[in-house]
K.L.:
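One structure coming up, written as structure tokens, with questions to follow.
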There are 2 protein chains.
Amino acid sequence: MFDKLEFLLALAREQHFGRAAESCGVTQPTLSAGLKQLEQSLGVLLVNRGSRFQGFTPEGQRVLEWARRIVGDTRAMRQEVSALRHGLTGRLRIAAIPTALTTVAALTTPYRAKHPDVQFTVLSRTSTQILTLLENLEIDAGLTYLDNEPLGRVNAVPLYRETYRLLTAADAPLGNRDQVSWAELSQVPLCLLTPDTQTRRIIDGLLRGANGGCHPTLESDSMILLFAHVRTGRWASIIPAKIAEALGPIDTIRTIPIVEPDAIHTIGLVLPAREPMTALNAALAAEARRITTSPAHDARRATFGTIAVN
Amino acid sequence: MFDKLEFLLALAREQHFGRAAESCGVTQPTLSAGLKQLEQSLGVLLVNRGSRFQGFTPEGQRVLEWARRIVGDTRAMRQEVSALRHGLTGRLRIAAIPTALTTVAALTTPYRAKHPDVQFTVLSRTSTQILTLLENLEIDAGLTYLDNEPLGRVNAVPLYRETYRLLTAADAPLGNRDQVSWAELSQVPLCLLTPDTQTRRIIDGLLRGANGGCHPTLESDSMILLFAHVRTGRWASIIPAKIAEALGPIDTIRTIPIVEPDAIHTIGLVLPAREPMTALNAALAAEARRITTSPAHDARRATFGTIAVN
DNA sequence: GCGTTGTGATAGAATATTTCTATCAACCTG
DNA sequence: CAGGTTGATAGAAATATTCTATCACAACGC
């Protein structure tokens, strides 16, 4: 019965009988039979079929929700029992929006110090992908915007408010400033993240609000690529302050606070809204709360945000 | 796996391998093997054994909590799917404290009008038993005090505030009054519920507060027996107003409001705190909320509480 | 129009698993 | 120490599950 519910989850994830079967480690007929059996046991058709997978029936969608819950709880139970015996072990799967990736280290480092047997998988995903992965139990936790998109049924721990910096060569236009305003940014050739990211959409909004336009000369989904371009001295970019901190001081390159709107969106840890959390997630949430409530951290990171730059 | 968790629940309920097996419809060796397998699959001992059942290990107690959750959710899923196909069907198991038994009719009657295929089982239990039964998934809902004992993780819908009446013959002492006070009740020979009921403990408290003593000349766990005694004209009893209403007008017997403290404890519907409720329970909660918010009901029942008597 | 590819259902054999009956060992009780 | 109760164990029988191989159907390309 459990296995059948897992089949259903796999099918929802893969949208394909064959791949779902593979992902469950069984053959396709086994998965087919399992689903048919689940349908029979519940007395409803769950899957619309017709020579190929055609989505779920309305009943199937409801059952899918329950299946997520039940399978999630079962995994949480196993994990908790294992934690009682061997301490925390296993793998914590985390996905973060690109701009929050560096913040992951602030969680994983103290976590690992306390629970050295836990392994991590960290993925870079967009905010919408993160919510989907969370829904499907494909990740345990996410780092993303808390106040921007409909979060659904999740548990959130705020971590920090995002601020932005202008990343530019010291000898370029604006390069000598101590701070710049959003309105001034139209003067320089910008390279930005692609518009499918929430960060880019936020930056677009801020630029439009200030001077009515956003025409980046280069777009990429890779922060490293943006940085490489700025490094040539001919481009500038707008990056979240957290990323600037992680880059550290770099010769010839400056990161200049952009003021007025200062910080708008909150970024935080997002966990499935399950009443007793999994043991691994409970420890992660504790770590996140420690960061949130640590005044030292707040002072260093949020208030005196400007790190030494060349 | 599911079956194994059900075995565990049955064992917790019956505290006995043989009876638990019977309650699951399997033989004792099957249940024994199932539990052993569950232990192996989780890698922990769950049950303390030694020639007889000796309770659960700490890990077993945690797993038990999860099992309640998972099994409950699975049943809820099945029920919801069945409701989608055939409308609401099945059996709703309700337990109520004796004094709230008559209120059950106010829920079941409109419920049945809307969902004629649902069957009911109504049990009379003490308030503590009700909470245990609810925990163990042995009942779907309870009617009990909401503000008196630690309720645990449940969902509560208040229904009414309990008030008390003196049940006595018209020609007995106090029989001609329109209302009496708690202090005056020491004048008459009382027959009351046994002290294991919460209602009795509340009445004790009220009597003690008023005149410093409570010495009922007769105790019983049966409301009908109390009534039979009062009927002889030689006894009096203190009964909740709701019961008085249900009895209706009776020759020679009066039900007289007892005033000052008037109503103290709230009685309501108690359901397991499960996020999406079972379909049957959701309908029951809706019915309960209808009663709570109906001003007609409040007026008729609570304010003009005195029904015509003799 | 006709082969090709991709997708899921079906049949039958091989394999696991579950469950039962029967019996045993430990323990308590008088 | 007999008698009753309780849970564990062994082995056979019954069920379920899973696999391999194959089929049926639709979409697509030439």
Side-chain angles (χ1 to χ4, degrees), chain A residues 1-61 63-64 67 70-71 74 77-78 136, chain B residues 1-61 63-64 67 70-71 74 77-78 136:
Chain A
M1 190 83 215
F2 268 125
D3 337 356
K4 316 301 166 58
L5 292 180
E6 302 237 32
F7 289 174
L8 199 70
L9 291 192
L11 185 58
R13 185 165 63 235
E14 307 285 351
Q15 304 274 312
H16 184 285
F17 277 67
R19 284 197 295 277
E22 188 182 17
S23 131
C24 292
V26 298
T27 59
Q28 171 264 318
T30 300
L31 183 123
S32 249
L35 289 177
K36 179 157 289 185
Q37 196 175 322
L38 186 62
E39 288 179 326
Q40 191 139 23
S41 141
L42 294 172
V44 236
L45 281 180
L46 302 175
V47 180
N48 286 322
R49 289 132 157 134
S51 89
R52 58 178 55 244
F53 176 74
Q54 290 183 313
F56 295 93
T57 63
E59 293 87 354
Q61 290 173 25
V63 172
L64 195 55
I70 294 167
V71 169
T74 307
M77 174 180 73
R78 298 199 105 90
N136 289 339
Chain B
M1 190 84 215
F2 267 125
D3 340 356
K4 317 301 166 56
L5 293 180
E6 302 237 32
F7 289 175
L8 198 70
L9 291 192
L11 185 58
R13 183 167 63 234
E14 307 286 351
Q15 305 272 313
H16 184 286
F17 277 67
R19 283 197 296 278
E22 187 182 16
S23 132
C24 292
V26 298
T27 59
Q28 171 264 316
T30 300
L31 184 123
S32 250
L35 288 177
K36 178 156 290 185
Q37 195 174 322
L38 187 62
E39 288 178 327
Q40 191 140 22
S41 140
L42 293 173
V44 238
L45 282 179
L46 302 174
V47 181
N48 286 322
R49 286 126 157 144
S51 88
R52 59 178 55 246
F53 176 74
Q54 288 183 314
F56 295 94
T57 63
E59 293 87 353
Q61 290 173 26
V63 172
L64 195 56
I70 293 167
V71 170
T74 306
M77 174 179 74
R78 298 199 105 89
N136 290 339

K.L.:
Hey, does A:Val63 have a side-chain heavy atom less than 4.5 Å from the side chain of B:Met77?
P.N.:
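Yes, side chains in contact.
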K.L.:
Taking the side chain as C-beta and beyond, is there a heavy-atom pair between B:Phe2 and B:Thr74 under 4.5 Å?
P.N.:
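The answer is yes, as the side chains (C-beta and beyond) meet within the 4.5 Å cut-off.
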K.L.:
Using a 4.0 Å heavy-atom cut-off, write out nucleotides 18-28 of chain C from 5' to 3' as B (base contacted by protein), S (sugar-phosphate only) or - (no contact).
P.N.:
SSBBB----S-
K.L.:
If you define the side chain from C-beta out and look only at heavy atoms, does anything of A:Leu35 sit under 4.5 Å from A:Leu8?
P.N.:
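Result yes, sub-4.5 Å side-chain heavy-atom pair found.
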K.L.:
Is a side-chain N or O of A:Glu39 found less than 3.5 angstrom from the main chain of A:Val47, in a donor-acceptor match?
P.N.:
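Yes; judged by distance alone, with no hydrogens or angles, the pair exists.
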K.L.:
Can you see if the side chain of A:Lys36 gets near the phosphate of C:dT10 - specifically, an N or O under 4.0 Å from OP1 or OP2?
P.N.:
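Yes, because at least one side-chain N or O of A:Lys36 sits under 4.0 Å from OP1 or OP2 of C:dT10.
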K.L.:
Take atom CG of A:Leu35 and atom P of D:dT17, then tell me their distance rounded to the nearest Å.
P.N.:
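Interatomic distance, CG of A:Leu35 to P of D:dT17: 13 Å.
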K.L.:
Supply the atom-to-atom distance A:Leu64 CG to A:Arg13 CZ, rounded to the nearest 0.5 angstrom.
P.N.:
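Reported value, rounded in 0.5 Å steps: 11.0 Å.
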K.L.:
Take atom CD of A:Gln15 and atom C1' of C:dG8, then tell me their distance rounded to the nearest Å.
P.N.:
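Those two atoms, CD and C1', are 15 Å apart.
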K.L.:
I want to check something: taking the side chain as every heavy atom from C-beta on, are A:Phe56 and A:Gln61 in contact at a cut-off of under 4.5 Å?
P.N.:
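They are in contact (side-chain heavy atoms under 4.5 Å apart), so the answer is yes.
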K.L.:
Quickly work out the A:Glu39 CD to C:dG8 P distance and round it to whole Å.
P.N.:
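Taking atom P of C:dG8 as the reference, CD of A:Glu39 is at 13 Å.
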K.L.:
In whole angstrom, give the distance that lies between atom CZ of B:Phe2 and atom P of D:dT17.
P.N.:
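That distance rounds to 13 Å.
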K.L.:
Could you tell me how far apart B:Phe17 (CZ) and D:dT9 (P) are, to the nearest whole angstrom?
P.N.:
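So the CZ-P distance, B:Phe17 to D:dT9, works out to 11 Å.
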K.L.:
Ignoring backbone atoms, test whether A:His16 places a side-chain nitrogen or oxygen under 4.0 Å from the OP1 or OP2 oxygen of C:dG8.
P.N.:
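The answer is yes; a side-chain N or O of A:His16 sits under 4.0 Å from OP1 or OP2.
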K.L.:
Would you mind reading off the distance between B:Leu11 atom CG and D:dT6 atom C1', rounded to a whole angstrom?
P.N.:
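After rounding, the reported distance stands at 12 Å.
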K.L.:
Rounded to whole angstroms, how far apart are CD on B:Gln54 and P on D:dA8?
P.N.:
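Nearest whole value for this atom pair: 11 Å.
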K.L.:
Expressed as a whole number of angstroms, how long is the span from A:Glu22:CD to C:dG8:P?
P.N.:
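Taking CD of A:Glu22 and P of C:dG8, I get 13 Å after rounding.
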